[in-house]
Number of protein chains: 2
Amino acid sequence: MRVTADDKAGIARWRQIADSLRLDIAEGRLAGRLPGETQFAERFGVNRHTVRRALATLSEEGLLTATRGRGTFAAPRPSRIVYPVGSQSRFSENIGAASREPGGTMIASAREMASAELAEAFGCRANATVIRLELLRVADGAPLIVSTIWFEEARLAGIIPAYAEAGSLTGALTKLGFSGQRRLWTKVAAIPADPRDAEHLHCALSTPLIATTSLTVTAAGEPLQYARSRFLGSRVELVFDHTGEPV
Amino acid sequence: MRVTADDKAGIARWRQIADSLRLDIAEGRLAGRLPGETQFAERFGVNRHTVRRALATLSEEGLLTATRGRGTFAAPRPSRIVYPVGSQSRFSENIGAASREPGGTMIASAREMASAELAEAFGCRANATVIRLELLRVADGAPLIVSTIWFEEARLAGIIPAYAEAGSLTGALTKLGFSGQRRLWTKVAAIPADPRDAEHLHCALSTPLIATTSLTVTAAGEPLQYARSRFLGSRVELVFDHTGEPV
DNA sequence: AGTAGTTGTCTATACAAATAAACAAATAAA
DNA sequence: TTTATTTGTTTATTTGTATAGACAACTACT
């Protein structure tokens, strides 16, 4: 089979244009009144209808409003939520500090065997039982983060009911007698959204996500929780403050 | 115009399948011998030819090798490069420590007016002159990072020739009499690759990138460099170590 | 040698996407 | 009001995408 090594193959021209314009709007390069459909068509080297198909999708997404005779206008772009990450990170504090109502729901919870990765982080046997908690975190009424959090059952058997009652992780841990815990490290990667995450975050497949993996320990330094969070790349920005780090 | 709000609209079925399989291979869910084309066709609910079109592209990308009569086999997946980020981050040290030959080339350099964002970071006038340096960083022979770095001209007039001579940023700064600089903070976002970055990083448009923005200051605490780097999400993982942070 | 299972190739058909050329309908400004 | 500009609609044609069925070529195993 003859296959050209073309990046854009298999993606309709109108889709490419829509994606390009969506990015331009998100980055603020396109705002207010947009150029006419005819101008766009010429700029992209396509027929006017192809541009119209692209604009129609963006209009459907609420990024654009077009009026016959007047023109097409870009909606004002929302700013990124700033999310500080450090040894003391907590979801509710972070989002709360940015004066947006936080929220979260438990998507799922399960007991399972520790994977090799997890066993290493917890310093336990590979077949030890762990508790997995899946949370969906919301800000401004739209989903922002999907978190998968693991706990050692031996240490945190009652975490699920405690969370259900307290409504927050920090609260649940306090209820179980843990305080003064801190985050040891955070790993960050960029990944395309998989079908499950795309559904929860209400975004398209392959949308760029920030994937963080982190280990939190007790005040005494014992492993407490291992978490993997996926942040909607378009709505959030993580901030790491290095002041205070050893030189 | 009637437009359904469908995520996958405008993306050919074979492309969606190719993207899905590419992710499966990258995450290790698919390895060694793959299911037959007929099985894939049934699993995805499409014709065998559509699957073949998807496999053909992955084969073109070197992720697959198919042999008539034998079957189709996934290439072994490369591991992510671990990139520690902290107050002392330097590119050559990081990649060097992972025992991979580092490398870098200057893509471009220019003098320009400070943007509002930049002026705030540097604490200077908005129309002050800054020097912009664009670097492409390579590991294992493949591009990994595109960095845009700004310096205040008033403080670092000779940075371009110094870099050209020293071959590294740290070396260039030493040559200009700066040492003991440290990174104050790092912001992290996930963005789709734009046309320029996609070209440099040799990746498809809209590939997830990690975008970091950081401020480095002199030993005395004065702003030294403001940098915006784009990391290829599929090949790298950033690690932030919070030990030593104030509690 | 034979057989089951695999990838590779071919032809034909139906549907979506993109192009082309006009024209209608609304708006803004002269 | 008139004019130019803009988005919206229609019809027709061409190119790409997906399906269907059949068969060839090759491999691994019995």
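First the proteins, then the strands, lettered A, B, ... as listed; each starts at 1.
A:Thr72 comes within 4.0 angstrom of sugar-phosphate atoms only, judged by non-hydrogen atoms across all strands, and of no base.
For the atom pair CD1 of A:Ile145 and NE2 of A:His200, the computed distance is 14.5 Å after rounding to the nearest 0.5 Å.
Under the 3.5 Å distance criterion, with hydrogens and angles disregarded, no donor-acceptor pair is assigned to the side chains of B:Arg137 and B:Ser229. Side-chain contact of A:Arg230 with A:Thr148: a donor-acceptor pair under 3.5 Å is present, judged by distance alone. At a cut-off of 3.5 Å, with distance as the only test, no side-chain donor of A:Ser214 or A:Thr186 sits close to an acceptor on the other residue.
C:dT19: Watson-Crick or G-U partner is D:dA12, with both key distances under 3.5 Å. Look at C:dG5: its Watson-Crick or wobble partner, with both distances under 3.5 angstrom, is D:dC26.
Whole-Å rounding puts the B:Leu55 CG to D:dA18 C1' distance at 16 Å. Atom-to-atom, CZ of B:Phe40 to P of C:dG5 comes out at 18 Å; the value is rounded to the nearest Å. Across the protein-nucleic acid pair, B:Leu34 atom CG and C:dG5 atom P stand 19 Å apart, rounded to whole Å. C:dC23 atom P lies 19 Å from atom CD of A:Glu37, rounded to whole Å. Distance CG (B:Leu64) to C1' (C:dT7): 12 Å, rounded to an integer number of Å.
B:Trp185 places a side-chain heavy atom less than 4.5 Å from the side chain of B:Lys187. Side-chain contact check for A:Arg111 versus A:Glu153: some heavy-atom pair is nearer than 4.5 Å. When side chains are defined from C-beta on, B:Ile81 does not count as touching B:Phe231, because their heavy atoms never get closer than 4.5 Å. Using a 4.5 Å cut-off on side-chain heavy atoms (C-beta onward), A:Val146 and A:Arg196 make no contact.
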Atom pairs under 3.5 Å, N or O on each side, protein against nucleotides 26-29 of chain D: can you list them with distances?
from: D:dA28; atom 1: OP1; to: B:Arg70; atom 2: NH1; distance (Å): 3.2

Polar atoms only, N or O, under 3.5 Å: list the protein pairs with nucleotides 17-19 of chain C and their distances.
from: C:dA18; atom 1: OP1; to: A:Arg13; atom 2: N; distance (Å): 2.4
from: C:dA18; atom 1: OP2; to: A:Trp14; atom 2: NE1; distance (Å): 3.3
from: C:dT19; atom 1: OP2; to: A:Asn47; atom 2: N; distance (Å): 3.1
from: C:dT19; atom 1: OP2; to: A:Thr50; atom 2: OG1; distance (Å): 2.3

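Side chain of B:Arg235 to backbone of B:Ala142: a donor-acceptor contact under 3.5 angstrom is found.
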